[in-house]
Peer 1: 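Encoded as structure tokens, here's the structure I'll be asking about.
Both ligands and their constituent atoms are indexed starting at 1 by order of listing. For the single chain, residues carry numbers from 1 onward in sequence order.
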Amino acid sequence: MKFFVDTAEIADIRELAEAGLIDGVTTNPSLIAKSGRDFREVVAEICKETDGPVSAEVTALDAPGMIREGKSLLEIGKNIAVKVPLTLEGLKACRALTGEGHMVNVTLCFNANQALLAAKAGASFISPFLGRLDDNGIDGMELVEEIRQIYDNFGFDTEIIAASVRTINHVKYAALAGCDIATVPPAILKSLVKHPLTDKGIEQFMADWKKTGQKIL
Ligand code: G3P
């Protein structure tokens, strides 16, 4: 499974990229607002940090407007994936942009039929929002399992991005369900490495090593 990092914070992207943990980046208007930075400037910087897809979201609500905005976003970097909402207008924009060979991430997916339509519209990526479904008492993992099955049934090559990831278990179950990608907030991505027995083991090894009085360098 590939990891995208769901953030507009350059320092986090850089740190995770150093560990080889990042295959791409996703942003949305809320993450841009949180960064407090100029949209184009921050997206351009992100594009320099990774060769993988960088999702940048349109804000127009009609297809012609989304296409115009999408084309403008595509000028920011060669690895831009235009992010459009899962509406009929979004699907029209998706079809037009992917038809011209551009990457499109269809976002705000909350059921399997929406995901089926996005694949039909030629989406490069579909983003089901696990955490927001869980917030509403619906099991987000069931949705990604359904999407995986539908896409496999018909050989759609739209990649499934587990999005709105809130917990380390979301990441594990997304991998078990066969999601192609999980887009994960930096804090959760960093916490995946942690285990108390790893920390305890390091402590023990360091204590024993000290007793030897030796140094490696
Ligand atoms: O990947 C989509 C994500 O940014 C939304 O997450 O936590 O706002 O539902 P959240």
Peer 1: Considering distance alone, does some N or O of Ser164 sit under 3.5 Å from an N or O of ligand 1?
Peer 2: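 Yes, Ser164 has an N/O under 3.5 Å of an N/O on ligand 1.
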Peer 1: Search all heavy atoms of Ala112 against all heavy atoms of Glu146 and return the closest pair with its distance.
Peer 2: CB-OE1, 3.6 Å
Peer 1: Where is the nearest protein heavy atom to atom 3 (C) of ligand 1: which residue, which atom, and how far?
Peer 2: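 Going by distance alone, atom 3 (C) of ligand 1 is nearest to Asp6 OD2, 3.0 Å.
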Peer 1: Is it the case that ligand 1 has an N or O less than 3.5 angstrom from some N or O of Thr183?
Peer 2: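 No: no nitrogen or oxygen of Thr183 is under 3.5 Å from one in ligand 1.
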Peer 1: May I ask you to identify the nearest protein heavy atom to atom 7 (O) of ligand 1, giving residue, atom name and distance to one decimal place in Å?
Peer 2: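 Result: Arg166 NE, 2.8 Å.
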Peer 1: Calculate, to the nearest 0.5 Å, the distance between atoms NZ and CD belonging to Lys34 and Glu9 respectively.
Peer 2: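 Going from NZ on Lys34 over to CD on Glu9, the span is 7.0 Å.
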Peer 1: Short list, please: which atoms of ligand 1 are under 4.0 Å from a heavy atom of Phe129?
Peer 2: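 In order of number, 2 (C), 5 (C).
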Peer 1: Ion pair present between Asp12 and Lys190, side-chain N to carboxylate O less than 4.0 angstrom?
Peer 2: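 Answer for the salt bridge query: yes.
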Peer 1: What protein heavy atom is closest to atom 8 (O) of ligand 1, reported as residue, atom name and distance in Å?
Peer 2: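 In this structure, atom 8 (O) of ligand 1 has Arg132 NH2, 2.8 Å as its nearest protein heavy atom.
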Peer 1: Might you point out which heavy atoms bring Asp180 and Thr158 nearest each other, and give the distance in Å?
Peer 2: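 Taking Asp180 first and Thr158 second, the nearest heavy atoms are OD2-O, 4.2 Å.
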Peer 1: Which one holds for Asn28 and ligand 1: side chain close, backbone close, both close, or neither close, with close meaning a heavy atom under 4.0 Å?
Peer 2: side chain
Peer 1: Nearest heavy-atom pair of Leu143 and Cys109: which atoms, and what distance?
Peer 2: CD2-O, 4.1 Å
Peer 1: What I want to check is whether the side chains of Ser127 and Thr107 have a donor and an acceptor closer together than 3.5 Å.
Peer 2: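 There is no such pair between these side chains.
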